[in-house]
Amino acid sequence: MEKAEQRLITEDGRRVDGRGLDEMRPVKIEAGVLDRSDGSAYIEMGKTKIYAAVYGPKEAHPRHLAQPHKAILNCRYHMASFSVEGRKAPGMTRREIELSKVIRQALESVVILEEFPRSAIDIFIEVIQADAGTRTAGVTAASLALADAGIPILDLCPGIAVGKVEGRIVLDPSEEEDKKGEADMPVAMAPRLDSIVLLQLNGRLRSEEFREALLLAKKGINVLYELQRKALSKKFASFSPMDEE
Amino acid sequence: MEKAEQRLITEDGRRVDGRGLDEMRPVKIEAGVLDRSDGSAYIEMGKTKIYAAVYGPKEAHPRHLAQPHKAILNCRYHMASFSVEGRKAPGMTRREIELSKVIRQALESVVILEEFPRSAIDIFIEVIQADAGTRTAGVTAASLALADAGIPILDLCPGIAVGKVEGRIVLDPSEEEDKKGEADMPVAMAPRLDSIVLLQLNGRLRSEEFREALLLAKKGINVLYELQRKALSKKFASFSPMDEE
Amino acid sequence: MEKAEQRLITEDGRRVDGRGLDEMRPVKIEAGVLDRSDGSAYIEMGKTKIYAAVYGPKEAHPRHLAQPHKAILNCRYHMASFSVEGRKAPGMTRREIELSKVIRQALESVVILEEFPRSAIDIFIEVIQADAGTRTAGVTAASLALADAGIPILDLCPGIAVGKVEGRIVLDPSEEEDKKGEADMPVAMAPRLDSIVLLQLNGRLRSEEFREALLLAKKGINVLYELQRKALSKKFASFSPMDEE
Amino acid sequence: MYRIGTKPYPTKIMHDKLYELILRGERLDGRRPYDYRTIEIKTSIIEKTDGSALVNLGGTKIIAGVKTSLGQPYPDTPEQGNIVVNAELLPLASSFFEPGPPDEKAIELARVVDRCIRESKMLDLEKIVYIPGRTVLVVYIDVYVLDYDGNYFDPAVLASVAALATAKIPVYEVRDGEVVLSHEAKTSLPIRRFPVSVTIGLLGDKIIVDPTSLEESAIDTSIVLGWSQEDEVAAIQKNLQGLISFNVMDEIIRVSKEKANELRTRLMEAVGRVGIEP
Amino acid sequence: MYRIGTKPYPTKIMHDKLYELILRGERLDGRRPYDYRTIEIKTSIIEKTDGSALVNLGGTKIIAGVKTSLGQPYPDTPEQGNIVVNAELLPLASSFFEPGPPDEKAIELARVVDRCIRESKMLDLEKIVYIPGRTVLVVYIDVYVLDYDGNYFDPAVLASVAALATAKIPVYEVRDGEVVLSHEAKTSLPIRRFPVSVTIGLLGDKIIVDPTSLEESAIDTSIVLGWSQEDEVAAIQKNLQGLISFNVMDEIIRVSKEKANELRTRLMEAVGRVGIEP
Amino acid sequence: MYRIGTKPYPTKIMHDKLYELILRGERLDGRRPYDYRTIEIKTSIIEKTDGSALVNLGGTKIIAGVKTSLGQPYPDTPEQGNIVVNAELLPLASSFFEPGPPDEKAIELARVVDRCIRESKMLDLEKIVYIPGRTVLVVYIDVYVLDYDGNYFDPAVLASVAALATAKIPVYEVRDGEVVLSHEAKTSLPIRRFPVSVTIGLLGDKIIVDPTSLEESAIDTSIVLGWSQEDEVAAIQKNLQGLISFNVMDEIIRVSKEKANELRTRLMEAVGRVGIEP
């Protein structure tokens, strides 16, 4: 990770793809994109492309997993075989299992599970192209799908990664920056509550770099939060009065 | 599949093993060959050798799979490791899983499942030697085993494959004909209802060839139907009056 | 197994590690070594090192496995990846599955299962180093863990292997003796009932050798029985009056 | 005459309703019996694939991606490249699909797609052999059902064929007995035909084409036919339980052939070809 | 003295009934305590195997098939061929057997069959090494239980040994450091001994041989003994829960040795040999 | 302000009790909020490993073993040795752990341990390459939780690092393009740093260090921080559901850094080093 043969950041703070250090890739966020599910969303961040769908609340199955005082949340983060360079073998990798867990726990932090005792809510995140930042884009899409499904949540959970590349803290690292950089830190927040719901770090940061990175993440998260809310408005605006009857 | 180095059919319409185009291999069909099961059958078509056994109707398990208004049918088509050239690794291949499904659906077409709500009927087909035509021989044996078990069925389901070899439509292709031929089409029917219960096609047929193939299959099916009924008579005739008390 | 290049037993009946033919390796047995479980034990026989823990009686799960008139006993014999020469892949091997069965059946012979209808008792045996005699050391530790858990048993089940090495019957074969010897026979008994609860043989013994081996095993078993009882006394003696209140 | 014995009561009502409509040449969603729903085909949507396509067939949405790599041929076809098809019924597509390894339905879908492509001789597999018996191109086709409103066979075949037809693969050459990338330019796969499949539902002796999820729950049985070109059926799969009257097969062949030609025209427009290459 | 604490009530009645019968030297099916059921051994029934056998022991029916291929020896036995035994308790054989990968009982059966063959030195594994440390014969033995009325061990060993003893394998030779098929003729495996196993059930201190499925549900415990030849026990497996009184072991050894000799005679007739080859 | 909505009633009582105690600087087991439980580290306990350690952290007992073998490097790091970490939450350690393949918690533990070791650059992976791109050392670290009273991350990292730091591996050399064992002597792994992890529990804005199993059931959330050296955080994992107020992160960093230095001192004593090698 430490030796970058070619410079990833120019003298004047530009990145290989032309972005500034605190600039994220082009983003597209839509809600209500899949008809069968109770709620759904689609996100593109650069070439990262992800669908999320929510089913539920519904009866928990098998029964002995049901919780008497709250709903259980299931979450599967899965990558299509063709989503990566080369071809990922079908089946869940250890990485996908870990990410399913951290994303589920991020969302459990905001879903008001007590509203639905003995039931289950299923969240499916399907990465159809992976080009860095998939877990944070996944949690962004999944929380939007929860809102689209009308499930009560304390807040949406926009997420973004920050990285350290050639000694500089950058927002939303590209795949190349992630691979060659010194650190990659995915963060997701509940912005209204000013609270972190997902936090991981791969790579090394000094204390003050960590603080800088966290603040930069927050900046990106606020932008995504706005886009999520716009997507939601657009979705609900698209209902005609006849639908609402 | 297209280039056959040596001729598989002679000028005068004889096949490598001496059969005519519309001739099936030697067949042996027996009912009631395994004591533990509720019904069973054994079939040989050439070197293809298959046991089938039926257990049930019995309580569906696990419970949540039970259907309130009918029985569920389970079917496993499985090949012994030594049944093929080379050695098949233990465990179900994708091919075995697909064939289990099409055979089950063929049999679901004739079993009167509504007679046994909340219960299950298990059908096990064990190919101990595979030499072409195993799925159709399997459905032939399995429907006989159902009858042997006394389970009410609309009809027996004899099945046979037809093939296209060097431009000619042939009955009951051998393994070599199947491999080198242009098409292989397994068909199973409920003859009394003049209806098809299983139909697949690998390879290419023109419309009129398809019609010809289907008629030839029907011809073979009627022969097998007769053999199934004889096997059943023989089985039930073998009970002495004392057994029937 | 038959050709031993170097002698494993000297003229005067000494083995490679200096032991006599009827001498076992240094043994250490402790009860109550793991706090979370309901009962536990630790055993070392030479370099063989094993933990055993018991959970239960508790509700049987899934329910349909529960027995109306007795408890079910589950047993898992498992080896740590690093416990052997080379590295064992994670997951249960066929050998571990077989040994789990024979150990469970040995213990089922002495646990009074009728005392706990509809419930389950779980026994976990973890081999952290394997250097011959792991199944018998495992059953020794597991039966001690059962006693430590206060589960009613007819007797403890000390176990030990006997082997045939260069024509001689030896107690507690080492790994080298096991590999190069002519026979390895693990035996576990319920000494108070003078009955065998586990018996296997790999390798060949003549009738009179078998008898000699069985008698030698019994001798070793009696020594281990004494050590088990001491470990149990020590464990229960260590409770202060305040614990008993 | 038709039987409905195996349907639970509400399904029986739906079945009878559908049958009545069909007798009048109508369907629940306004289509006529032999109509397909609207079809959209988008290609080259996943940059990391060699070829990809997203197909919407009414409310059914399927994505297919093609990747290639060098590999060994199968022992019994040393002079042919390999095709490997995998399909998954993603749990986000329907509450009836479960997470986990492909079940019998997903395996059947993959194998029917494979059969349509392989038996139609769509690809000239002999042209993607670099060293006979040793090094060939392996073509992976991965199919994901993203949203499911009935009939995954036909859009899965459309998406797979569109992804293959628009794929750009590396150019390899043999140098000193080794297969190496020859230059940066990309080439197409050797396409010979454009197979399509047509899914037919049966209510008694009545045929409907491209059943929705609601219709699937009410029909008596169903059959999928893959057509390789003008008059050649290249794959058949009766894919549901139920009886097909022997006499209705002629009509099934006739209708599916006609619909196949419609689909093929639609497909070839989408991939930018108006005729099959010689 | 015997204990029946762990048996449910109807099993206890059966247990007591059996015990009473045995005291009179009788059994439910008319056999005497040390009698086997009728044995039928048919060999060479699966043409695609190198060797095969179907054994009926009363109502228990087992088929074994032998296939061979070239492979690498295990690192710790570079100068020996490999034996691989697999066993499956097919669900068509009994309502107690489930479909799925081999469970602990099937694995135990495979490993006991393996032990009987391996530890008895039935095959001269050193004679099927073509290039030491690199190329040896791998002998696969696949055992399927087709119908199950108790005691699968003994017929599984009989079927496996009969299949091995009648197997015809290709002839290989080493040419220029490569192992090649030398000619069309076939040869036999290098057989040295004919192991058999004897399954014994115990009711208290009383012994029965070859228990049926009904008897298995009532006995206190059970033990399988593999005998390699005249007076050499080569494998033992106590295969059920329950106590075996130390004192009854002598009788178990005596009876099983006697029955093993009977079985071996029967087996050697079936495979067409009347004496063991030198 | 803190929320406890997701806790069932008895847990809520425990949560409130804990929170009250923390406000007074106390905990249930007498510790103060930032105290670790007693730590014992024993190394070289499994003779068949290259390195091993048993760590007791209060009532949590974890064993780690290190084995090495020659292998191929990963394609994207041809000039680095490999680390493979596996962790199992053994069912003997807790009634909450199930037998079977590693679940999401065990996989997370393995991956966090891996990250602490890998991202801290603990091992100089370039020094265990024998033939670049072809032959490197593969270092397997297997972690087993034997007894579980909360916080398996920190003792798992301690045990793994202690096992690596005390490991004795074979000496290899390249001779005629082949990697061979050079002599009987053993060498150490190339250790550069001693990473440790610190697990922090949160009740609202209040921090506790090294939560017990009882505390884990009552806290709002939890976070694990891996520290590579004096002032470098090298891994973070928020490992439970729940909100972490943005403002409390500074305190989390400050406290975890301080505790990390304490643990590292303790660890280096245990492995017999008082300073990091240059």
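First the proteins, then the strands, lettered A, B, ... as listed; each starts at 1.
- Distance check: E/N56 CG to B/D35 CG gives 9.5 Å after rounding to the nearest 0.5 Å.
- Across all their heavy atoms, E/S94 and B/R36 have their closest contact at CA-CG, 4.2 Å.
- A salt bridge does not link B/E85 to E/K67: none of the charged side-chain nitrogens sits closer than 4.0 Å to a carboxylate oxygen.
- We find the CG-CG distance between E/D149 and B/L34 to be 12.5 Å, quoted to the nearest 0.5 Å.
- Partner of B/F82 under the side chain to side chain contact (heavy atoms under 4.5 Å, CB included) criterion, chosen from E/I63, E/V66, E/N86, E/D50: E/I63.
- Crowding of B/K58 atom NZ: a count of heavy atoms from other residues, nucleotides or ligands under 6.0 Å exceeding 12.
- B/D131 touches chain E through backbone and side chain together, each having a heavy atom under 4.5 Å away.
- Proximity to chain B (any heavy atom under 4.5 Å) is shown, for E/S95, by both the backbone and the side chain.
- Proximity to chain E (any heavy atom under 4.5 Å) is restricted, for B/Y55, to the side chain, taken from C-beta onward.
- With chain E as the partner, the residue from B/G86, B/A145, B/G56, B/G91 showing the most heavy-atom pairs under 4.5 Å is B/G86.
- Residue E/Y144 touches chain B through its side chain alone, counting heavy-atom pairs closer than 4.5 Å.
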Worked check of side chain to side chain contact (heavy atoms under 4.5 Å, CB included) between E/K48 and B/K47: CA-CA 9 Å; E/K48 293 194 176 184; B/K47 289 183 186 166; 5.8 Å; no

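- There is no contact between E/A163 and chain B, counting heavy-atom distances below 4.5 Å.
- More than 12 non-hydrogen atoms from other residues, nucleotides or ligands lie less than 6.0 angstrom from CZ of B/R95.
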Between B/R87 and E/D142, is the salt bridge (charged side-chain N to carboxylate O under 4.0 Å, His left out) condition met? List the steps. CA-CA 10 Å; B/R87 179 174 177 266; E/D142 285 290; 2.7 Å; yes

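- Of the atoms belonging to E/P91, heavy atoms from both backbone and side chain fall under 4.5 Å from chain B.
- The two residues E/L92 and B/A53 come nearest to each other via the heavy atoms CB-CB, 3.3 Å.
- Closest heavy-atom contact between E/P99 and B/R76: CB-CD, 3.8 Å.
- Only the backbone of B/V84 comes within contact range of chain E, with at least one heavy atom under 4.5 Å from a heavy atom of that chain.
- Counting heavy atoms of neighbouring residues, nucleotides and ligands inside a 6.0 Å radius, atom CZ of E/F96 does not exceed 12 of them.
- Residue B/S40: no heavy atom, backbone or side chain, is found under 4.5 Å from chain E.
- Taken to the nearest 0.5 Å, the CG atom of E/L90 stands 10.5 Å off from the CD1 atom of B/I128.
- Note on E/E47 versus B/K49: salt bridge recorded, some NZ/NE/NH1/NH2 to OD/OE distance being below 4.0 Å.
- For E/K61, the part sitting under 4.5 Å from any heavy atom of chain B is the side chain, from C-beta outward, and nothing else.
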